[in-house]
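For reference, the structure discussed in these notes is given below.
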2 protein chains.
Amino acid sequence: MPIYPMPLCRVEIALLSVVAERLCTLLVQREEEPYKGFWGLPGGVLRLELDKDLNAAACRVARERLRVESPALRQLTAVGAQGRDPRGKHDWGLSVLFYALVPEGSVLPTSGKRVSDLKWFAADDELPKMAFDHADLVSQAVEATRSSVANLQFPPGFVPERFTLGELQALSEQVLGCRLDKASFRRKLSDRGIVESLPGEQLRGNAHRPAAIYTLRAPEGKPS
Amino acid sequence: MPIYPMPLCRVEIALLSVVAERLCTLLVQREEEPYKGFWGLPGGVLRLELDKDLNAAACRVARERLRVESPALRQLTAVGAQGRDPRGKHDWGLSVLFYALVPEGSVLPTSGKRVSDLKWFAADDELPKMAFDHADLVSQAVEATRSSVANLQFPPGFVPERFTLGELQALSEQVLGCRLDKASFRRKLSDRGIVESLPGEQLRGNAHRPAAIYTLRAPEGKPS
DNA sequence: ACAAAAGTGTTCGTCTTACACCCATGC
DNA sequence: GCATGGGTGTAAGACGAACACTTTTGT
């Protein structure tokens, strides 16, 4: 078999979180050409010797560039085209996009290497000048994340171990950017067995009625 | 920037169709190592000089190997790992999976180049010995296709230009592998404006009551 | 007349939504 | 007592499944 030139393969990470009660995406200001000064998703080149698969590559990039230890990254899509990235052979770039929703405060901006400026941008505000096709990738990640939460499928690692239903509802509302009905929210959670109350445990001291403590029940896996 | 070795990048195609009233996947028996004699999805290596983007690559592969002219291929996922394909550097293979649902008869097996044996396999029967991780890819494509049709979102190119509701229901039932209720099927189609009747046009001659002729209405695009 | 497919109406149960209402607590 | 958030009940509506029923043709 002849040897064909291969594209520059990268992994990009759309890290979402709730910052100041709003859903935000973590972006990076580029220090180098191309698109110097523009903003983009943090990412990195696939390293065959270091990464045993795509997910491992995404984890490595998150660790190296964002100092985040293995968030629950999920693959969203792959994009590849000529003209995407002049650094590849034939100007051909292929990127696999991963995304995750992490709790507030689990990433401190100004961490990471080779990153002049890490900054959170609200999903509903206008984005800054974006490099490559990253504006589209961000909106895909935001849409997928909101759709998950709207269906009460919380990305693993986003919800704390123990929480009250009020806290969970506030988190969901901040991600979705709209208010939810309390009764419906609670009914769906208990009807579908998404959540489980810890008997006896309560949260007091809020100047109000104490709230029951809940945990997430693992969603139905595939028994094979 | 240093030059990093890149994986062998391929495009795989899960072509689905209805054959003998059952949903089937088109598979290929491999003529070469690795996995010689096993079955797999038709696919090909990404060619930077020929393909302007991933979708174009998938179309080229479909044309060259299956003699199918630009079916409506949709990207499903990307898989990449060490150990997937020994032909790549460091035994690293990256495949982007595309899938499509095409009308019966639009692919003649025994076409294509370098393909000893092209054969349709029913989605609900056991698959033959599969190469690489293609068994998993096939089931992902089947699931995505059925989910589309169950939501009455017919992959473009699958439904003929003009059809009767009876024909459309029969097609849907064959894809899903189960019967549908006639009244509900029709109500959903008209309520959601998925389908439009051609006034005056009828299909007669079936020894039964004539049927109205319908066309698909384009689903809501994104006005931007 | 009959078989068979086209086409429609009706009922029923489920799920969602909106809203009202009670409960418990710290101040 | 009262404001506030926790927690629950209920009525109204939307939606889909199941089924019965009528209509229209060719034979």
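Lettering follows sequence order; numbering is per chain, from 1. Note that the structure is a prediction, hence the values are computed from the model and not measured.
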query: Under 3.5 Å, is there a donor-acceptor pair between the side chain of Q169(A) and the main chain of L180(A)?
result: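 Yes: the side chain of Q169(A) pairs with the backbone of L180(A).
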
Using side-chain heavy atoms (C-beta onward) and a distance below 4.5 Å, is [X] in contact with [Y]?
| X | Y | result |
| --- | --- | --- |
| L73(A) | C59(A) | yes |
| F98(A) | N55(A) | yes |
| P160(B) | L171(B) | yes |

message: Tell me which residues in residues 185-201 of chain B lie within less than 4.0 Å of DNA chain D, going by non-hydrogen atoms.
response: R187(B), K188(B), R192(B)

field: Separation of I13(A) CD1 from L76(A) CG (nearest 0.5 Å)
entry: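 Result: 13.0 Å between the selected atoms.
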
Spacing between [X] atom [atom1] and [N] atom [atom2], to the nearest angstrom:
| X | N | atom1 | atom2 | answer |
| --- | --- | --- | --- | --- |
| L203(A) | dG5(D) | CG | C1' | 12 Å |
| D181(A) | dG9(D) | CG | P | 15 Å |
| I213(B) | dG7(C) | CD1 | C1' | 15 Å |

task: With P155(A) as reference, evaluate V175(A), L101(A), L16(A) under the side-chain contact (heavy atoms from CB on, under 4.5 Å) test and give the passing residue.
output: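 Exactly one option meets the side-chain contact (heavy atoms from CB on, under 4.5 Å) with P155(A), and it is L101(A).
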
- prompt: If the sugar-phosphate is the primed atoms plus P, OP1 and OP2 and the base is the rest, what is the B/S/- string for nucleotides 20-27 of chain D, using protein heavy atoms under 4.0 Å?
  reply: ---BBBS-

message: Among residues 166-180 of chain B, which ones have heavy-atom contacts with DNA chain C below 4.0 Å?
response: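 Residues of residues 166-180 of chain B under 4.0 Å from DNA chain C: G166(B).
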
Atom pairs and distances, donor-acceptor, side-chain atoms in residues 19-27 of chain B, under 3.5 Å, two or more places apart:
| residue | atom | partner | partner atom | Å |
| --- | --- | --- | --- | --- |
| R22(B) | NH1 | D125(B) | OD2 | 3.3 |
| R22(B) | NH2 | D125(B) | OD1 | 2.9 |

Kindly list each side-chain donor-acceptor pair under 3.5 angstrom involving residues 192-206 of chain A, sequence neighbours excluded, with atom names and distances?
| residue | atom | partner | partner atom | Å |
| --- | --- | --- | --- | --- |
| E201(A) | OE1 | R162(A) | NH2 | 2.3 |
| E201(A) | OE2 | R162(A) | NH2 | 3.4 |
| Q202(A) | OE1 | R204(A) | NH1 | 3.2 |

query: Relative to the ring of F132(A), is the ring of H134(A) parallel (under 30°), tilted (30 to 60°) or perpendicular (over 60°)?
result: tilted

query: Can you name the ring pair (Phe, Tyr, Trp, His ring centres under 6.0 Å) partners of F163(B), sequence neighbours left out?
result: none

